[in-house]
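Presented below is the structure to which this report refers.
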Amino acid sequence: MAALARFSKKALTTLSSQQNIFHRGLATEAGKAVNPSADRVQWDYRGQRKIIPLGQWLPKVAVDAYVAPNVVLAGQVTVCDGASVWAGSVLRGDLNKITVGFCSNVQERSVIHAAWSSPTGLPAETFIERFVTIGAYSLLRSCTIEPECIIGQHSILMEGSLVETHSILEAGSVVPPGRRIPTGELWAGNPARFVRTLSHEETLEIPKLAVAINDLSKEHFMEFLPYSTAYLEVEKFKKSLGITI
């Protein structure tokens with residue numbers, strides 16, 4: 001019995017030693033696997049792409065338009081002079097055209113898309129004309145917004161909807177497919193309903209808001225001019241990764 005006990009103890013000791021060696025080997029291999037290569041570091045640094053061409057379509061951005069760094073423009077998208085598209089917005093023109101007109105603005109986290117065709121027979125492209133303000137977190141799909149309108153934040157405009165000039169949608173409004181918002185009116189609700197007619201003074205204030213946001217975008221645009229200090233952050237980041245500057 002004593003001999004059997006010594007044999008069992010020796011066998012267990014040997015097995016434990018082999019398991020430790022095996023685990024150390026796995027840990028070594030795992031450590032090698034997680035070490036990033038030089039190519040992986042460069043790929044991570046490349047970050048999010050703002051301009052995404054699809055087939056023959058390449059998004060067009062005017063020289064003096066402001067498009068935030070984390071905006072996504074894909075396919076048939078045109079951002080005209082003086083327009084601005086703010087942080088986190090997505091304009092996906094993979095199926096049809098999207099146009100953001102002169103001095104119009106698309107604020108944070110908005111999503112704009114265009115379908116193949118409109119069920120109402122109206123144009124399927126999404127067309128935002130001049131001096132239009134699109135509030136944050138709005139969703140626009142194959143709709144038309146005429147000049148000098150305000151779309152409140154968290155609003156939804158469905159396929160074929162039309163907002164005529166000098167109109168305002170309150171925040172959180174939902175415009176069903178094919179619905180028309182007449183000129184010079186205030187609408188609100190889900191679905192959107194007529195509230196009242198805008199006064200002449202109120203209609204005059206609509207383009208002033210778009211101009212004010214355009215002036216504000218110029219301050220953000222300065223970050224991307226030759227006088228920017230962003231290169232200092234790039235050099236600091238490269239140094240932290242051990243990349244030769």
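Atom set for the values below is all heavy atoms of this structure, side chains included, hydrogens, waters and symmetry mates excluded.
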Judged by atom type as modelled, is there a donor-acceptor pair below 3.5 Å linking the side chain of Gln153 to the main-chain atoms of Ala136?
no

Minimum heavy-atom separation for Gly101 and Ala83, please, with both atom names.
O-CB, 3.5 Å

Qualifying residue, where the test is side chain to side chain contact (heavy atoms under 4.5 Å, CB included) with Glu148 and the options are Thr133, Leu204, Thr183, Ile206:
Ile206

Sorted by chain and residue number, the side-chain hydrogen bond (donor to acceptor under 3.5 Å, both in side chains) partners of Ser138 (sequence neighbours excluded) come out as none

Result of checking Ile134, Val77, Leu139, Val106 against Ile112 for side chain to side chain contact (heavy atoms under 4.5 Å, CB included):
Val106

Check for a donor-acceptor pair, side chain of Ser104 on one end and backbone N or O of Val132 on the other, with a separation under 3.5 Å.
yes

Quick one: closest heavy-atom pair of Ser110 and Gly135, and the distance?
OG-O, 3.1 Å

Decide whether Val174 and Val111 are clustered together by the hydrophobic rule: side chain heavy atoms of Ile, Leu, Val, Met, Phe, Trp, Tyr closer than 4.5 Å, transitively.
yes

Donor-acceptor under 3.5 Å (Ser161 side chain, Gly178 main chain):
no

Under the criterion side chain to side chain donor-acceptor pair (under 3.5 Å), I'd like the reasoning laid out for Asp94 against His113: C-alpha separation, chi angles, the key distance, then a yes or no.
CA-CA 8 Å; Asp94 50 356; His113 188 222; 3.1 Å; yes

Would Phe131 and Tyr66 show up in the same hydrophobic cluster when neighbours are defined by side-chain heavy atoms closer than 4.5 Å?
no

Is Val211 reachable from Ile151 through a run of hydrophobic residues whose side-chain heavy atoms are each under 4.5 Å from the next?
no

Contact list for residues 73-88, test side-chain hydrogen bond (donor to acceptor under 3.5 Å, both in side chains), sequence neighbours left out
Ser84-Trp86

Who are the side chain to side chain contact (heavy atoms under 4.5 Å, CB included) partners of Ser199, not counting sequence neighbours?
Glu201, Glu202

Who are the salt bridge (Lys or Arg N to Asp or Glu O under 4.0 Å) partners of Lys97, not counting sequence neighbours?
none

May I ask you to decide if Ala192's main-chain N or O and Arg179's side chain share a donor-acceptor pair within less than 3.5 Å?
yes

For Leu186, the side chain to side chain contact (heavy atoms under 4.5 Å, CB included) test, sequence neighbours excluded, returns Ile168, Glu170, Val195, Arg196, Leu198

For a quick test of reading the model, state the closest non-hydrogen atom pair linking Glu164 to Cys149 and the distance between them.
O-SG, 3.0 Å

Do Thr99 side-chain atoms and Glu129 backbone N/O form a donor-acceptor pair below 3.5 Å?
no

May I ask you to decide if Cys103's main-chain N or O and Asn214's side chain share a donor-acceptor pair within less than 3.5 Å?
no

Closest heavy-atom contact between Ala62 and Cys80?
CB-C, 3.6 Å

Selection residues 135-165 - residue pairs positive for ring pair (Phe, Tyr, Trp, His ring centres under 6.0 Å), sequence neighbours left out
Tyr137-His154

